[in-house]
Amino acid sequence: GTIGSLLAAHLARVADVSVLTRREEHARALNEHGLTVTGRAEFTASVVAAADPALLPEPDLVIVACKGSDVEPVARRLAGHFAASTLMTVQNGLGAYEIVGSHGAWPILASVTFMSGTRHSDTLVEYILDTATWIGPIRDTTADDAETVAELIRSSGLKAESYDDLRPALWSKLIFNATVNA
């Protein structure tokens, strides 16, 4: 998706990034062509991609960036993988971290983002709105963990803020979306 592509591309400028895709063709295209960002930033990043989590290296951080309706199937695919990783959900609304947490014992951070863009293809995303991603601890993580990830995201050229408790921000985003999308 758009948010996942923007995060993956930017983070690939400062860290090794792997991308789990649903489709083998998508993984092949990312491995061959990289991930190109246009708009507010202009660059192409190299990532390692696969449609099977067993084919990806063990990450320190797994960012679950998908539509809310895809959280359950994605969490099922992650079950049994990346036991040493921290997982961070980045969905609007409430409950994504509970769904993910029901599929493994990972430490969990939650986030919401106001960043936006347009996904033009499997390898091209346009970066449109450069607003912050808000991050907070949820399960077996701390405010320091949230700040470490926020700093990583900031070092990549994106905006991020950490919170001791993200729940008020999650409610704020939910109310904002319900109002704007009514």
Side-chain angles (χ1 to χ4, degrees), residues 1-78 81-82 85-93 96 100 109-135 146-162 173 176-177 180-181:
T2 303
I3 299 302
S5 294
L6 287 169
L7 285 166
H10 279 83
L11 288 170
R13 301 195 307 181
V14 297
D16 293 329
V17 170
S18 302
V19 176
L20 177 61
T21 64
R22 282 181 295 196
R23 296 176 292 106
E24 190 59 49
E25 317 82 73
H26 186 184
R28 224 181 352 268
L30 288 172
N31 287 324
E32 290 174 15
H33 305 289
L35 191 48
T36 299
V37 175
T38 62
R40 292 200 170 264
E42 303 271 342
F43 64 93
T44 298
S46 294
V47 297
V48 172
D52 179 353
L55 300 177
L56 295 173
E58 181 84 18
D60 295 322
L61 176 68
V62 173
I63 299 174
V64 179
C66 61
K67 296 288 183 203
S69 58
D70 292 330
V71 173
E72 177 71 32
V74 168
R76 274 198 312 272
R77 286 181 69 203
L78 292 173
H81 298 282
F82 313 134
S85 303
T86 295
L87 266 65
M88 183 175 83
T89 59
V90 61
Q91 281 76 28
N92 294 328
V100 169
L109 293 165
S111 68
V112 292
T113 190
F114 289 87
M115 173 175 59
S116 70
T118 302
R119 185 176 176 274
H120 293 286
S121 74
D122 284 346
T123 60
L124 176 63
V125 64
E126 182 182 3
Y127 183 22
I128 296 171
L129 187 59
D130 67 338
T131 50
T133 298
W134 298 342
I135 304 165
E147 178 53 29
T148 297
V149 173
E151 178 52 38
L152 175 66
I153 291 171
R154 287 191 297 267
S155 75
S156 78
L158 296 173
K159 295 177 180 174
E161 299 172 23
S162 63
K173 178 68 170 173
F176 172 83
N177 283 0
V180 169
N181 298 325

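Owing to the predicted nature of the structure, the values given are computational and were not obtained by experimental measurement.
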Next on the checklist: Using the rule given for side-chain contact (heavy atoms from CB on, under 4.5 Å), can you reason through V14 versus L152, listing the C-alpha separation, both sets of side-chain angles and the distance that settles it, and then say yes or no?
Outcome noted: CA-CA 8 Å; V14 297; L152 175 66; 3.9 Å; yes
I need the minimum non-hydrogen distance between [X] and [Y], along with the two atoms involved.
| X | Y | answer |
| --- | --- | --- |
| P57 | F82 | O-CE2, 3.9 Å |
| C66 | V74 | SG-CG2, 4.0 Å |
| G157 | H10 | C-CD2, 4.3 Å |
| V47 | A8 | CG1-O, 4.4 Å |
| A51 | E24 | CB-OE1, 3.6 Å |
| A45 | A9 | CB-O, 3.4 Å |

Checklist entry - Excluding sequence neighbours, so at least two apart, what forms side chain to side chain donor-acceptor pair (under 3.5 Å) with E126? => result H120
Next on the checklist: If you count heavy atoms of other groups shown closer than 6.0 angstrom to CG of D52, is the number above 12?
Outcome noted: yes
Item to check | Residue from L129, T2, T131 passing side-chain contact (heavy atoms from CB on, under 4.5 Å) with S116 | outcome: L129
Next on the checklist: Name the residue from V62, V64, I153 that meets the side-chain contact (heavy atoms from CB on, under 4.5 Å) definition with M88.
Outcome noted: I153
Item to check | Verdict with reasoning, T89 to V71, per side-chain contact (heavy atoms from CB on, under 4.5 Å) | outcome: CA-CA 9 Å; T89 59; V71 173; 5.7 Å; no
Checklist entry - Rounded to the nearest 0.5 Å, how far apart are CE of M115 and OG1 of T133? => result 4.0 Å
With heavy-atom distances below 4.5 Å as the criterion, would you say the side chains of [X] and [Y] are in contact?
| X | Y | result |
| --- | --- | --- |
| T123 | L30 | yes |
| H81 | L20 | no |
| L78 | L87 | yes |

Next on the checklist: Could you go through L11 and I63, starting from their C-alpha distance and side-chain angles, then the distance that decides it, and tell me whether this counts as side-chain contact (heavy atoms from CB on, under 4.5 Å)?
Outcome noted: CA-CA 11 Å; L11 288 170; I63 299 174; 3.7 Å; yes
Checklist outcome for this item: residues 12-22 vs side chain to side chain donor-acceptor pair (under 3.5 Å), sequence neighbours excluded, gives none
Listing, residues 33-42 side-chain donor-acceptor contacts under 3.5 Å, not counting sequence neighbours, or none:
from, atom 1, to, atom 2, distance (Å)
T36, OG1, T44, OG1, 2.8
R40, NE, I128, O, 2.6
E42, OE2, G39, N, 3.1

